[in-house]
Amino acid sequence: MRWSHAFIPTLRDDPADAEAVSHRLLVRGGFIRQLAAGSYSMLPLGQRVRLKIIDIIRHEMDAIGGQEVVLPTLHPAEIWKKSDRYDLMGDNLFKLEDRKGVELVLGMTEEEIFAILAAELSSYRDLPQIWYQIHTKFRDEPRPKSGLLRVREFTMKDSYTLDVDRSGLDVGFDLHHAAYRRIFARMGLDTTDVQASSGAMGGTESVEFIVRSEAGEDWIVTCTACDYRANVEKAVSALAPVDDGDSEDLERFPTPGLRTIAALAEAHPDVAAPERQIKTLVYFVDGTPTLVLLRGDHELQEQKLLDATGAASVRPAHPEEIRELLGADPGSLGAVGVTGIPVIADVALEGRVNMTTGANEDDWHYRGVDVERDIDVGTWADLRAVSSGEPCVECASPLELWKGIEVGHIFKLGTKFSEAFGAYVQDEDGENRPIIMGSYGIGVERAMAAIVETSHDERGIVWPVTVAPFEVVVTVLRVDDAETMAAAEDLDRRLREAGLEVILDDRPERPGVKFADAELVGIPFRVTVGPRGLERGAVEVTVRRDMSTEEVEVGDVVERVSALVEAARADIIR
RNA sequence: CGGGCUGUGGCGCAGUUUGGUCAGCGCACCUGCUUUGGGAGCAGGGGGUCGCCGGUUCGAAUCCGGCCAGCCCGACCA
């Protein structure tokens with residue numbers, strides 16, 4: 001490839017609307033262009049990287065026995081209604097109508113269609129199967145952001161395992177787990193696999209692959225000492241016991257003007273330390289008003305509420321709604337004596353006595369609350385958000401909280417879709433059983449952005465050689481000098497003949513421009529050809545990652561660069 | 001959906017407060033000459049319905065109304 005003929009529109013300035021590093025560098029480097037919010041064009045360089053990522057994924061998926069298919073992205077809404085995901089996914093699902101008025105949707109993931117195909121299987125002997133595809137998914141994100149990190153149209157590798165029993169599912173799941181580790185490692189991504197919630201998808205065991213980055217949107221909890229690691233949506237921590245004293249009688253007492261946990265604690269330190277208060281939140285859980293109870297010093301983790309209730313959506317009640325329901329304003333709420341409204345309580349409140357909580361009348365609270373005696377708790381669940389420094393449940397060491405980018409997610413889906421679409425097989429005993437599915441996703445462009453987030457410097461991107469748009473750039477310093485140009489062209493040809501991916505920068509630009517572009521674009525190795533070096537029969541070879549430079553005799557360049565590329569590959573794959 | 005901000009050549013921006021002389025700057029682009037190991041210099045040149053629609057006015061990038069789009073924070077989010 002000759003740079004002079006390539007479409008690589010690099011920019012000297014950062015685009016004004018780009019914040020995230022990957023967004024800035026991918027736009028500046030001429031990899032992508034934005035069309036609309038959450039909608040990006042892949043320019044030639046971007047597409048080269050994207051294809052390399054896809055090749056890695058495809059290779060590893062095939063290696064675990066995956067069979068590639070391509071399914072429609074345009075689906076009749078009917079099948080989404082059949083699986084119940086039409087409502088469950090809410091506004092995140094793109095919906096449209098055809099000319100006949102038939103409702104259609106654009107796929108977000110494609111369990112439905114895979115289940116429909118799986119319905120053609122009839123015997124346990126047909127299983128297991130691993131099916132996958134790599135194509136476009138759509139999500140009507142409420143807020144696309146950060147370039148490729150959160151978009152509305154993107155490429156996903158989604159795969160599905162089909163098994164007759166749990167142990168088969170476990171095997172398929174573990175195969176994916178191992179394949180994902182290899183996939184991300186080969187891209188040069190350092191991922192942490194964490195326990196996660198499977199969210200609206202249902203399912204049980206769920207593991208996310210997270211790249212540590214400030215640009216990420218997921219909060220991850222890891223233990224500073226042991227192996228415990230989980231998404232905050234799922235993470236738990238140990239709690240120091242609280243001394244409540246002996247159970248006492250319920251007593252109403254005046255608390256004029258006290259509306260917050262902190263204010264109440266300050267005014268009544270004897271009975272209302274935050275950890276001895278009950279925080280009462282009012283939520284609408286799929287439209288049903290519900291009281292959510294937590295310890296005074298704990299925060300609600302909404303995903304846990306979703307998981308505990310199986311609801312599609314939850315939202316905090318508005319102040320007016322709260323007054324109508326409980327007769328008091330936030331700040332004086334409690335669940336004591338409340339009937340007719342479901343109560344869900346965090347497990348940290350189990351067995352607690354002598355607690356303090358609002359009395360559902362402004363300026364009044366209860367003390368001496370025995371949670372199990374005085375409150376009609378319908379459901380106990382883990383609802384609390386873990387905070388930094390709390391003790392690990394496994395080893396009691398402090399937990400650490402950090403931000404990351406979710407690049408992959410694997411989980412055990414179960415039989416939800418096979419039951420909905422009649423995907424049953426007969427087992428050895430002639431018994432009809434729903435196929436057990438697993439579901440596994442990787443966001444291709446998000447992985448691309450995550451690589452840039454974690455591999456760049458002040459000059460630009462530093463692509464791992466396995467995903468770089470080109471492995472080598474041959475930079476010609478004097479295009480108008482026939483000898484220099486001839487030497488560069490010869491090198492370009494020999495490097496390509498050695499199997500390397502080369503771009504020849506033959507633009508009539510000044511050296512500084514070419515160096516800057518090569519570094520911005522992030523090509524791992526640069527061969528600099530100029531008349532000065534050629535007089536000595538030498539060129540320079542520069543390693544992008546550390547910008548180290550060595551002089552190499554022209555005759556040795558192919559061997560030297562090949563060795564560097566191989567070493568870089570080996571270092572990534574290990 | 002709530003809050004904040006922004007829309008002016010390909011990119012980055014000034015101009016809007018105080019309507020006219022405001023279509024302007026830097027980069028990029030084209031031509032020529034010089035230059036050539038870290039984003040060159042000189043000279044000449046091309047390119048913009050000032051987001052869209054409507055209104056006010058003799059006159060609107062500028063004032064008013066409506067709409068649209070994008071960014072950031074929050075809510076939400078496999």
Side-chain angles (χ1 to χ4, degrees), chain A residues 7 9-20 23-24 27-30 33-40 85 88-93 107-111 137-147 149-152 154 156-158 196-203 206-209 216-219 231 233 302-303 306-307 312-316 318 405-411 413 439-443 446 459-460 475-481 484 507-520 526 528-535 538-540 542 547 549 551:
Chain A
F7 180 48
T10 58
L11 303 174
R12 191 183 289 210
D13 298 316
D14 276 333
D17 54 8
E19 192 95 346
H23 188 189
R24 290 202 330 252
V27 172
R28 272 190 62 203
R33 283 295 184 267
Q34 181 174 38
L35 178 65
S39 191
Y40 285 84
R85 288 211 295 175
L88 216 49
M89 290 308 179
D91 291 334
N92 262 23
L93 186 62
M108 311 174 72
T109 61
E110 307 201 335
E111 282 79 358
K137 298 287 184 291
F138 290 90
R139 295 184 183 185
D140 194 356
E141 288 288 343
R143 188 179 160 204
K145 57 178 288 202
S146 305
L149 283 175
R150 180 157 222 83
V151 293
R152 297 193 295 174
F154 62 99
M156 176 189 263
K157 186 288 295 178
D158 50 322
S197 161
S198 43
M201 301 291 298
S206 171
V207 171
E208 289 173 346
F209 288 77
E217 300 181 85
D218 283 274
W219 283 96
N231 191 305
E233 293 178 351
E302 281 193 5
Q303 185 63 47
L306 281 164
D307 290 348
S313 72
V314 299
R315 67 161 178 90
H318 304 303
I405 301 164
E406 177 192 347
V407 291
H409 191 176
I410 60 178
F411 67 98
L413 188 54
S439 175
Y440 316 87
I442 293 176
R446 185 182 279 187
R459 297 168 188 265
T475 302
V476 193
L477 294 185
R478 286 289 299 272
V479 178
D480 57 345
D481 181 78
T484 308
R507 296 174 297 167
E509 292 286 351
R510 297 176 67 85
V513 173
K514 298 184 168 198
F515 294 152
D517 273 349
E519 287 149 17
L520 171 63
R526 183 178 86 210
T528 311
V529 184
R532 200 188 287 172
L534 285 177
E535 276 177 28
V539 299
E540 275 173 11
T542 302
M547 293 303 291
T549 295
E551 194 163 282

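Numbered from 1 within each chain, the chains take letters A, B, ... in sequence-line order. The basis for the numbers below is simple: all heavy atoms, side chains too, and nothing from hydrogens, waters or symmetry mates.
When heavy atoms are screened at a 4.0 angstrom cut-off, A:Arg33 is found touching no nucleic acid atom at all. A:Lys145 comes within contact range of the sugar-phosphate backbone alone, with a heavy-atom separation under 4.0 Å but no base atom that close. Note on A:Arg24: nothing from the nucleic acid sits closer than 4.0 angstrom, heavy atoms only. Nucleic acid contact for A:Thr549: none, since no nucleic acid atom lies under 4.0 Å from a heavy atom of the residue. Across all strands, A:Gly530 comes closer than 4.0 Å to base atoms (heavy-atom distances). Residue contacts for A:Pro142: at a heavy-atom cut-off of 4.0 Å it reaches a base atom on one of the strands shown. In this structure, A:Gly533 reaches the bases: a heavy-atom distance under 4.0 Å links it to at least one base atom across the strands shown. Across all strands, A:Ala18 comes closer than 4.0 Å to no nucleic acid atom at all (heavy-atom distances). Within 4.0 Å (heavy atoms only), A:Phe154 reaches at least one base atom of the nucleic acid. Within the nucleic acid shown, A:Asp481 has no heavy atom closer than 4.0 Å to any nucleic acid atom.
Rounded to an integer number of Å, the gap from CD of A:Glu141 to C1' of B:A75 is 13 Å. Between the C1' atom of B:G74 and the CZ atom of A:Arg315 lies a distance of 17 Å, rounded to the nearest Å. One atom, CD of A:Gln34, and another, C1' of B:C72, lie 13 Å apart when rounded to the nearest Å. Taking atom CD of A:Glu233 as the reference point, atom C1' of B:C76 lies 11 Å away to the nearest angstrom. Atoms CG (A:Leu35) and C1' (B:G10) sit 16 Å apart, rounded to a whole Å.
The side chain of A:Glu540 sits closest to B:G37 out of B:G37, B:C13, B:G70. Closest to the A:Ala36 side chain, of the nucleotides B:G70, B:C72, B:G12, is B:G70. Looking at the side chain of A:Glu519, the nearest of the listed nucleotides B:C76, B:G37, B:G38 is B:G38. The side chain of A:Arg143 lies closest to B:C72, out of B:C72, B:C71, B:C76. Nearest to the side-chain atoms of A:Glu19 among the listed nucleotides B:C72, B:C76, B:G37 stands B:C72.
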Polar pairs (N or O, both sides) under 3.5 Å between protein and nucleotides 24-26 of chain B?
none

Please write out the pairs of protein N or O atoms and N or O atoms of nucleotides 39-45 of chain B separated by less than 3.5 Å, giving the distance to one decimal.
| from | atom 1 | to | atom 2 | distance (Å) |
| --- | --- | --- | --- | --- |
| B:G39 | O2' | A:Arg12 | NH1 | 2.7 |
| B:G39 | O2' | A:Arg12 | NH2 | 2.9 |
| B:G39 | N2 | A:Asp517 | OD1 | 3.4 |
| B:A40 | OP2 | A:Arg510 | NE | 2.9 |
| B:A40 | O4' | A:Arg510 | NE | 3.3 |
| B:A40 | N9 | A:Arg510 | NH1 | 3.3 |

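Of the nucleotides present, B:G26 is the one that pairs with B:C11 by Watson-Crick or G-U wobble criteria, both distances under 3.5 Å. A 3.5 Å limit on both hydrogen-bonding distances identifies B:G55 as the Watson-Crick or G-U partner of B:C63. With both pairing distances under 3.5 Å, B:C33 is matched to B:G41 as a Watson-Crick or G-U wobble pair. Applying the Watson-Crick and G-U wobble criteria (two distances, each under 3.5 Å), B:U16 pairs with nothing in any strand. When both pairing distances are held under 3.5 Å, B:A69 makes a Watson-Crick or G-U pair with B:U6. Figure legend. B:A75 is base-paired to no nucleotide; pairs are counted as Watson-Crick or G-U wobble with both atom distances under 3.5 Å.
Taking both residues in full, the closest heavy atoms of A:Lys137 and A:Asp158 are given as NZ-OD1, 3.0 Å, listed atom of the first, atom of the second, then distance. Heavy atoms only, all atoms of each residue included: A:Arg152 and A:Ala37 are closest at NE-O, 2.9 Å. Minimum heavy-atom separation, A:Arg478 to A:Thr484: O-CB, 3.7 Å.
Note that CD of A:Glu208 is 10.5 Å distant from CD1 of A:Ile410, once rounded to the nearest 0.5 Å. Expressed to the nearest 0.5 Å, how far CD of A:Glu19 lies from CG of A:Asp14 amounts to 10.5 Å.
Within a 6.0 Å radius of CG in A:Asp17, more than 12 heavy atoms belonging to other residues, nucleotides or ligands are found.
The side chain to side chain contact (heavy atoms under 4.5 Å, CB included) test applied to A:Thr10 returns A:Ile8, A:Asp517, A:Leu520, A:Val521, not counting sequence neighbours.
Distance noted for atom C1' between B:G48 and B:C63: 23 Å (whole Å). Straight-line distance between the C1' atoms of B:G46 and B:C27: roughly 16 Å, to the nearest whole Å. Here, B:A14 and B:C50 have their C1' atoms 13 Å apart, quoted to the whole Å.
Residues A:Ile442 and A:Phe209 form no side-chain contact, since every pair of their non-hydrogen atoms from C-beta on lies 4.5 Å or further apart. Looking at heavy atoms from C-beta onward, A:Pro9 lies in side-chain contact with A:Arg33 at the 4.5 angstrom threshold.
With 3.5 Å as the limit, one finds a donor-acceptor pair spanning the side chains of A:Glu111 and A:Thr109.
Considering A:Leu149, A:Asp218, A:Asn231 as possible partners of A:Glu406, the one that fulfils the side-chain contact (heavy atoms from CB on, under 4.5 Å) test is A:Asp218.
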### Derivation and outcome, side-chain contact (heavy atoms from CB on, under 4.5 Å), residues A:Glu509 and A:Val479
CA-CA 8 Å; A:Glu509 292 286 351; A:Val479 178; over 6 Å; no

